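Just so it is clear, the values below take in all heavy atoms, side chains as well, and ignore hydrogens, waters and symmetry mates. Numbers restart at 1 for each chain; the letters A, B, ... are given by sequence-line order, proteins then strands. Keep in mind that what you see is a predicted model, and the values were worked out from it rather than measured.
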There are 2 protein chains.
Amino acid sequence: MSKKAVVNNTPVCQVRMQGISDTMSILSGKWKFHILGTLMEGNKLGFMDLLREIDGIGSKMLSKELQDLEMNKLVSRTVMNTKPITVQYSLTEYGKTLSPLIDELAKWGIEYRQSIYKSKKN
Amino acid sequence: MSKKAVVNNTPVCQVRMQGISDTMSILSGKWKFHILGTLMEGNKLGFMDLLREIDGIGSKMLSKELQDLEMNKLVSRTVMNTKPITVQYSLTEYGKTLSPLIDELAKWGIEYRQSIYKSKKN
DNA sequence: GAAAGTAGTTTCCTCCAGGAAACCACCTAT
DNA sequence: ATAGGTGGTTTCCTGGAGGAAACTACTTTC
């Protein structure tokens, strides 16, 4: 009798792993968290605003990632009726449910950096 | 005068974005979250255990990702003094600080899947 | 002595995420 | 008319993430 997986065999764990996969699949790519994080700070932002705010991103990637996020109902795109036509990107109500996750992400990274700093002093 | 970034100019936001980048950089790749999530369930696991538990991963990637995690002090590797030599992988105390993050990740994914299911019923 | 278990390493290959730069269309102020 | 703003799209290219499969090395069981 060959050995088989045991730990993840429990349904609760399967569901948990599935959840992790789903989340990471929706938030895949280099820029999704940055875009969402930026939209959490600056409520409504235009395309060029985001291009300026997010350091290093190019227009192609920004455009593509925004489309992904819009498709998944996390970000809304509103064309404004202004003289030079402008577009407002903002988080949807559903997109805002990601706040705790992104806050945890930022928090852990900040604490990680602090722990590096402390360990260098010793 | 050309327009410049304003939202992310605040130090607090810079730090926040930096934190997100740091976390994602340490947890980069397709398998880190799965490995960590599995180690959270099954306390101490061998290499072959992990290979069986994590669906789809190959030995090369598992080996490489475990080395990454060990380098960042998130996972500990202990060679056991058994007859067929075995290795125990487990989360370090520091690695356990990722629990809230990974729980959020799993939780959001589970709720996402439920919201899809509900929207199909209507 | 052959098979099966432990824990990986090495090689070879492929695909695609992501970057750079040019381009498009439209509007406005000078 | 031309420079600069809006919001993107298109093309072309490359590095590297990741997969498959073979191989190493040692031990125990059949």
Side-chain angles (χ1 to χ4, degrees), chain A residues 1-7 20-21 24-36 38-39 42 44-72 75-90, chain B residues 1-7 20-21 24-36 38-39 42 44-72 75-90:
Chain A
M1 182 182 126
S2 63
K3 291 203 178 182
K4 285 182 183 172
V6 278
V7 178
I20 294 175
S21 288
M24 292 314 291
S25 146
I26 288 164
L27 302 180
S28 66
K30 194 176 171 181
W31 298 109
K32 298 251 169 55
F33 285 113
H34 288 87
I35 294 171
L36 293 168
T38 303
L39 285 173
K44 291 167 183 292
L45 295 172
F47 186 84
M48 295 308 286
D49 292 329
L50 285 165
L51 208 51
R52 279 184 292 260
E53 299 284 349
I54 303 169
D55 194 42
I57 199 172
S59 55
K60 192 193 79 170
M61 289 313 294
L62 179 56
S63 172
K64 186 219 153 207
E65 298 292 62
L66 282 170
Q67 281 171 27
D68 282 6
L69 293 170
E70 201 192 341
M71 248 180 285
N72 284 316
V75 161
S76 70
R77 178 181 183 275
T78 315
V79 178
M80 302 305 286
N81 198 12
T82 50
K83 300 77 161 277
I85 182 173
T86 53
V87 176
Q88 270 187 1
Y89 287 100
S90 59
Chain B
M1 183 183 131
S2 64
K3 289 203 179 182
K4 285 180 184 173
V6 278
V7 178
I20 293 175
S21 288
M24 292 314 291
S25 147
I26 288 164
L27 303 180
S28 65
K30 194 176 173 182
W31 299 108
K32 298 252 167 58
F33 285 112
H34 287 87
I35 294 172
L36 293 168
T38 303
L39 285 173
K44 292 167 184 290
L45 295 173
F47 187 84
M48 294 308 286
D49 292 330
L50 286 165
L51 208 51
R52 278 184 291 260
E53 298 286 348
I54 303 169
D55 193 41
I57 199 169
S59 54
K60 192 193 79 171
M61 289 312 295
L62 178 56
S63 171
K64 187 219 152 206
E65 298 291 63
L66 282 170
Q67 281 172 28
D68 282 6
L69 293 170
E70 201 191 342
M71 249 182 284
N72 285 316
V75 162
S76 71
R77 178 181 183 277
T78 313
V79 178
M80 301 306 287
N81 197 12
T82 50
K83 301 77 160 272
I85 182 172
T86 53
V87 176
Q88 269 187 1
Y89 289 99
S90 59

With a 4.0 Å limit, can you tell me whether [X] has a side-chain N or O closer than that to the phosphate oxygens OP1/OP2 of [N]?
X: B:Tyr89; N: C:dT6; result: no
X: A:Gln67; N: D:dG8; result: no
X: B:Arg77; N: C:dG8; result: yes

Return whichever of A:Ser63 or A:Ile85 has its heavy-atom-nearest nucleotide of DNA chain D closer to the 5' end.
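In this pair, the answer is A:Ile85.
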Nearest-nucleotide 5' precedence on DNA chain D, A:Ser59 against A:Pro84:
A:Pro84
Using atom [atom1] of [X] as one end and atom [atom2] of [N] as the other, report the distance to the nearest whole Å.
X: A:Leu50; N: D:dT6; atom1: CG; atom2: C1'; value: 14 Å
X: A:Met80; N: D:dG8; atom1: CE; atom2: C1'; value: 18 Å
X: A:Lys64; N: C:dC16; atom1: NZ; atom2: P; value: 12 Å
X: B:Gln88; N: C:dA7; atom1: CD; atom2: P; value: 10 Å
X: A:Met61; N: C:dA17; atom1: CE; atom2: P; value: 8 Å
X: A:Glu65; N: C:dA17; atom1: CD; atom2: C1'; value: 9 Å
X: A:Leu51; N: D:dG5; atom1: CG; atom2: C1'; value: 13 Å
X: B:Lys30; N: D:dA17; atom1: NZ; atom2: C1'; value: 10 Å

Which part of the nucleic acid, if any, lies within reach of A:Gly56 when heavy atoms closer than 4.0 Å are counted: base, sugar-phosphate only, or nothing?
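Contact class for A:Gly56: none.
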Please report the closest heavy-atom contact between B:Ile54 and B:His34, naming both atoms and the distance.
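Looking at all heavy atoms of both residues, the shortest contact is CG2-CB, 4.1 Å.
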Considering all heavy atoms, the nearest A:Met80-A:Ile85 contact:
O-CG1, 4.0 Å
Of the nucleotides [options], which one has an atom closest to the side chain of [X]?
X: B:Lys60; options: C:dC12, C:dA7, C:dG19; answer: C:dC12
X: B:Phe47; options: D:dG7, D:dG18, C:dA7; answer: C:dA7
X: B:Met48; options: D:dT6, C:dA7, C:dC12; answer: C:dA7
X: B:Arg52; options: C:dT6, D:dG19, C:dT28; answer: C:dT6

Heavy-atom side-chain proximity of A:Val75 to A:Tyr89 below 4.5 angstrom
yes
Any non-hydrogen side-chain atom of A:Trp31 less than 4.5 Å from a side-chain atom of A:Leu62?
no
Pairwise distance CD1(B:Ile57) to NZ(B:Lys30) - rounded to 0.5 angstrom:
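The CD1 atom of B:Ile57 sits 9.0 Å away from the NZ atom of B:Lys30.
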